[in-house]
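Input: a single structure, listed below in structure tokens.
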There are 2 protein chains.
Amino acid sequence: MKPSESEKIAGRYAYDGLDRIIHEKARLSIIASLAGHSEGLLFNELKELCSLTDGNLSRHLAILQEADLVQMWKGTRNKRPQTLARLTEHGRRRFLEYVSRLERVVADASRLTGQSGAGAALRPRTT
Amino acid sequence: MKPSESEKIAGRYAYDGLDRIIHEKARLSIIASLAGHSEGLLFNELKELCSLTDGNLSRHLAILQEADLVQMWKGTRNKRPQTLARLTEHGRRRFLEYVSRLERVVADASRLTGQSGAGAALRPRTT
DNA sequence: CTCTCTTACTTTACACCATAAAGTTAAAAT
DNA sequence: ATTTTAACTTTATGGTGTAAAGTAAGAGAG
């Protein structure tokens, strides 16, 4: 593949759009889980799906709620408190946008071809 | 889209394979840049491509070097010190592995949201 | 020659944050 | 009545991403 001009522009690989709140692994897990369950997921279901500890999940949910990506519903089931989490519409959009940025990272990675830049003279040849 | 059995298994969305060293945004930028330039990139080229500050880049390169994902070559150009960074073979493999995990995240997202690609990403939908 | 300026990084310090451990509340069981 | 279990929440700590300050050394001015 021919090296294109865009390869060299400043910030080409800055991946600005990779939302920090979503990019964090634990939260990415949570959001991906919720994305597939529009009716929401219970605290414990989420805990299992994402392999998170109670405290961990609680903290991340609070952060996601704060950012208006997730909304929480508190109720009771069999007289026990139950928390239901679901994506907000805003959260769903932000997630889809995040994923579209991820697709770019994947696409970049697919173009793994050698090409030469400036300063070739001093470049060592060995690996 | 019919919910399959695998949707419910514990850890389904834990995304264990998302290597923390690579997953960090700044380092992902660096590695993606280097992946496309097998001959390596100079410190300043990298700085531009990734929109990082000097100190930031320096620190992340040290971390990547420590993890044997990147190797550094120090030389001079026009009597000025120049640092060249390039992916190690190990780094290249780890990056490809990481990207294959990312592909799964993207695939999950497409399947779970019933939408594909960046273009469709922001199509409105009912709550 | 020496003093300042610029380049090319490195080191340090701080603020943030992910995580695990401890704490809380309330129902159920003994 | 008190212990246990469930379902979280809060606190504490260790790690880390980042900007600011620091270092070294060549180049140019006087």
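Below, read A as the first sequence line, B as the second, and so on, with proteins coming before strands; counting in each chain starts at 1.
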#### Entry: Qualifying residues under ring pair (Phe, Tyr, Trp, His ring centres under 6.0 Å), relative to B:His23, sequence neighbours excluded
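Partners of B:His23 under the ring pair (Phe, Tyr, Trp, His ring centres under 6.0 Å) test: A:His23, B:Tyr98.
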Applying ring-ring contact (aromatic ring centres under 6.0 Å, His included) as the test, list every pair that has at least one member in residues 40-97 of chain A; sequence neighbours left out.
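Residue pairs passing ring-ring contact (aromatic ring centres under 6.0 Å, His included), neighbours aside: none found.
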Check your understanding: Within a strict 4.5 Å, meaning less than it, do heavy atoms of the B:Leu34 and B:Leu46 side chains meet?
Key ->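 B:Leu34 vs B:Leu46: side chains touch.
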Q | Heavy-atom check, side chain of B:Leu52 versus side chain of B:Ile30, under 4.5 Å | A | yes
Run the side-chain hydrogen bond (donor to acceptor under 3.5 Å, both in side chains) test against [X] and tell me which residues pass, sequence neighbours left out.
{"X": "B:Lys25", "result": "none"}
{"X": "A:Arg59", "result": "none"}
{"X": "B:Thr88", "result": "none"}

Could you give the angle between the helix axes at the two ends of the helix from C:dC1-D:dG30 to C:dT30-D:dA1, with five pairs per end, rounded to 10 degrees?
->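 The angle separating the two end axes equals 30°.
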query: For A:Glu39, does the CD atom sit with more than 12 other heavy atoms under 6.0 Å from it, leaving out its own atoms?
result: yes
What residues 50-66 of chain B contributes to the DNA chain D interface at heavy-atom separation below 4.0 Å is B:Thr53, B:Gly55, B:Asn56, B:Arg59, B:His60, B:Ile63
Within residues 9-25 of chain A, the residues having a heavy atom closer than 4.0 Å to DNA chain D are A:Arg20
The single option from A:Asp19, A:Leu87, A:Asp68 that satisfies side-chain contact (heavy atoms from CB on, under 4.5 Å) with A:Arg94 is A:Asp19
Residues at least two apart in sequence or cross-chain that pass side-chain contact (heavy atoms from CB on, under 4.5 Å) with B:Ser100, listed by chain then number, are B:Glu97, B:Glu103
*Applying salt bridge (charged side-chain N to carboxylate O under 4.0 Å, His left out), name anything that partners A:Arg20, two or more places apart in sequence or on another chain.*
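With sequence neighbours excluded, A:Arg20 shows a salt bridge (charged side-chain N to carboxylate O under 4.0 Å, His left out) to B:Glu24, given in chain and number order.
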Every protein N/O lying under 3.5 Å from an N/O of nucleotides 24-30 of chain C:
none

A:Leu57 and A:Lys47 have their tightest heavy-atom pair at CD2-N, 3.7 Å
_Non-hydrogen atoms of B:Ala67 and B:Ile21 that approach each other most closely_ =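 Closest approach of B:Ala67 to B:Ile21, heavy atoms only: CB-CD1, 3.7 Å.
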Any [X] side-chain nitrogen or oxygen under 4.0 Å from OP1 or OP2 of [N]:
{"X": "B:Asn44", "N": "C:dT7", "result": "no"}
{"X": "B:Gln82", "N": "C:dT7", "result": "no"}
{"X": "B:Arg27", "N": "D:dG17", "result": "yes"}

Worksheet entry | Along DNA chain D (nearest heavy atom to each residue), the more 5'-positioned of B:Ala26 and A:Leu84 |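 So the residue in question is A:Leu84.
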B:Leu42 CG to C:dC9 C1', in whole Å, measures 13 Å
The correct set of residues in residues 67-74 of chain A placing a heavy atom under 4.0 Å from DNA chain C is none
Query raised in the report: Do A:Leu84 and A:Leu61 share a hydrophobic cluster, counting only Ile, Leu, Val, Met, Phe, Trp and Tyr and linking them when any side-chain heavy atoms are less than 4.5 Å apart?
Result: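 As far as the 4.5 Å side-chain criterion goes, A:Leu61 and A:Leu84 are not connected within one cluster.
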Q) Are A:Arg12 and A:Asp108 ion-paired here, with the side-chain N under 4.0 Å from a carboxylate O? A)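 Salt bridge: yes.
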